[in-house]
Amino acid sequence: MIAQFDVNTIWRRKFGEALQRRHPDTMLFAPRAFSPRGAPPPEPCHIAVQLPPGWASRTSILAMPLFAHRARTLASARGGAIDTAIFTTFHYLPIAQRLSGEAQIIYYCSDDYRGYAGWGGDATIAPEAELCRLASLCVFVSTALRDRAIAEYGLDPAACLVAPNASEPRFTTDPPRPQALAALPGPVFGTVGVFNDRIDFGFLDRLAGSSEVGSLALVGPLQDCPDTDGAIARLRGNPKVHWFGAQPHDEIHAWMAGIDIAVIPYAPTQFNHFCSPMRLWDHLAIGQPIIATDACDQIARQAGVFVVSPGDQLDRSISSAKTSLTSGRHPYLESWDDRVALLAPWIC
């Protein structure tokens, strides 16, 4: 029996649900902090486990034995035992240590946890290294994450796979274009996602200032972040820029497909360098041209993306993307089921 700890982010959930499609007896755990209001109902295929508040930080040593006991009990109630345990963060090291003598340990590193606020920065290195060394297989969502772990933790490269985030078949469909996008002067360039300190607003400001751009659609919530150079204010005042705010997740594929040329404007940070953006794989599945900064190593490595490095002429990339647009869309789907298939030879 397989157990994945945990599915509390969309990218881990998508991976876990694909795993469950291939191995129906997989248990997907969704840990929640105790609350007087009770735990919100989990997805039908998820198992909610309530733990003490702060279980993913200061109280993890106390919470993990409870979690391990609950997991074993549920496996036994299903007539089996956990023989493969997949851990998604270093917080589960105590469970991995308890199960290492009876189950295969797999570490699924879905992000650069050193960059998570409140997770301890460099204090994450030692427990993550120990979890990697316990595991018979380490899966990283980016080449940059894998290479760093091999270099710093002394891991066997043969036991380290790269399985990036992925997309879904719905992004390859041709949904009706949202009327709000259809009404904009084209070509419509656009970014979909959360607008926070991971975004290079200066890059978007430069893009919007190009005479080659018809409209710039920004779809997603704008979080409170500093506007030190006034780029956000200029974007707000530019009549070519249209802010649409957050949209329902079930409709997001239509908004992404409604854009003529996708823009992935990551800021040059260490966290962005190591990440695996779902939006990249969604736009590849849609098949429209993509313009991006070079802040993310995975995006910079992806064939067909028009990557703009510092000092590059932005209009040149814009013109190339517009030329690509005239040849039509070229959908390219890499699905979550494809990612799970990479692991198939390793999973008992």
Side-chain angles (χ1 to χ4, degrees), residues 9-11 117 167 170-171 174-269 271-272 275 277-296 299 305-308 314-315 317-319 321-322 325 329:
T9 61
I10 187 170
W11 47 94
S167 188
R170 65 178 173 135
F171 286 90
D174 186 20
R177 193 177 197 185
Q179 290 185 352
L181 291 179
L184 299 181
V188 178
F189 291 66
T191 298
V192 179
V194 178
F195 294 87
N196 54 20
D197 58 4
R198 294 186 63 189
I199 299 299
D200 187 339
F201 291 99
F203 180 81
L204 290 175
D205 183 34
R206 287 173 57 206
L207 188 77
S210 172
S211 60
E212 296 284 328
V213 174
S215 304
L216 177 60
L218 304 179
V219 183
L222 174 62
Q223 294 185 345
D224 186 22
C225 53
D227 188 21
T228 53
D229 61 358
I232 296 176
R234 289 191 296 274
L235 287 166
R236 286 187 178 279
N238 190 327
K240 288 166 59 174
V241 180
H242 305 268
W243 298 79
F244 292 104
Q247 301 298 322
H249 181 71
D250 290 346
E251 300 173 14
I252 208 65
H253 64 296
W255 284 89
M256 295 181 82
I259 292 165
D260 295 317
I261 297 174
V263 182
I264 307 180
Y266 279 141
T269 67
F271 188 80
N272 284 337
C275 76
M278 287 178 61
R279 71 182 77 188
L280 168 65
W281 304 103
D282 292 339
H283 283 303
L284 288 171
I286 292 166
Q288 78 259 69
I290 304 169
I291 289 179
T293 62
D294 69 348
C296 172
I299 293 175
V305 176
F306 298 98
V307 177
V308 183
L314 180 57
D315 278 351
S317 293
I318 292 172
S319 178
K322 289 174 68 174
L325 183 64
R329 295 191 169 181

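Model, not experiment: these values are computed from the prediction.
- Note that the SG atom of C225 and the CD1 atom of I199 stand 9.0 Å from one another [nearest 0.5 Å].
- In this structure, D282 does not pair ionically with R170, as no charged nitrogen and carboxylate oxygen lie closer than 4.0 Å.
- Without hydrogens or angle criteria, R234 side chain to R206 main chain gives no donor-acceptor distance under 3.5 Å.
- Minimum heavy-atom separation, A208 to K240: O-NZ, 3.1 Å.
- The shortest heavy-atom contact between V188 and D260 is N-OD2, 2.7 Å.
- Distance check, rounded to the nearest 0.5 Å: CD1 of I252 to CD of Q247 gives 6.5 Å.
- Within the 4.5 Å cutoff, no side-chain heavy atoms of R329 are placed close to those of D174.
- Annotation: the span from D200 atom CG to D205 atom CG amounts to 10.0 Å, rounded to 0.5 Å.
- Side-chain atoms of H283 and V263, non-hydrogen and from C-beta on, never get closer than 4.5 Å to each other.
- No side-chain heavy atom of T293 sits less than 4.5 Å from a side-chain heavy atom of P268.
- Taking the side chain as every heavy atom from C-beta outward, L235 and L216 approach each other to under 4.5 Å.
- Contact of the I232 side chain with the L222 side chain is registered, since non-hydrogen atoms from C-beta on lie closer than 4.5 Å.
- Distance check: I261 CD1 to S215 OG gives 11.5 Å after rounding to the nearest 0.5 Å.
- With contacts defined as side-chain heavy-atom distances shorter than 4.5 Å, the pair C275/Y266 qualifies.
- Summarising the geometry of G202 relative to A231, their closest heavy-atom pair is N-CB, 3.8 Å, with the distance given to 0.1 Å.
- Of all heavy-atom pairs spanning A267 and D197, the tightest one is CB-O, 4.3 Å.
- Rounded to the nearest 0.5 angstrom, L280 CG and I264 CD1 are separated by 5.0 Å.
- Looking only at side-chain heavy atoms (C-beta outward), R279 and V192 stay at 4.5 Å or farther from each other.
- A donor-acceptor contact shorter than 3.5 Å is absent between the side chain of E212 and the backbone of S317.
- Nearest heavy-atom pair, F189 versus I291, reported as atom, atom and distance to 0.1 Å: CE2-CD1, 3.9 Å.
- Of the inter-residue distances, the one linking L184 atom CG with F244 atom CZ reads 4.5 Å to the nearest 0.5 angstrom.
- R236 is not listed as a side-chain neighbour of D227, based on a closest heavy-atom distance of 4.5 Å or more.
- The two residues I259 and G190 come nearest to each other via the heavy atoms CG2-N, 3.4 Å.
- The aromatic rings of F195 and F201 sit tilted, their planes meeting at an angle between 30° and 60°.
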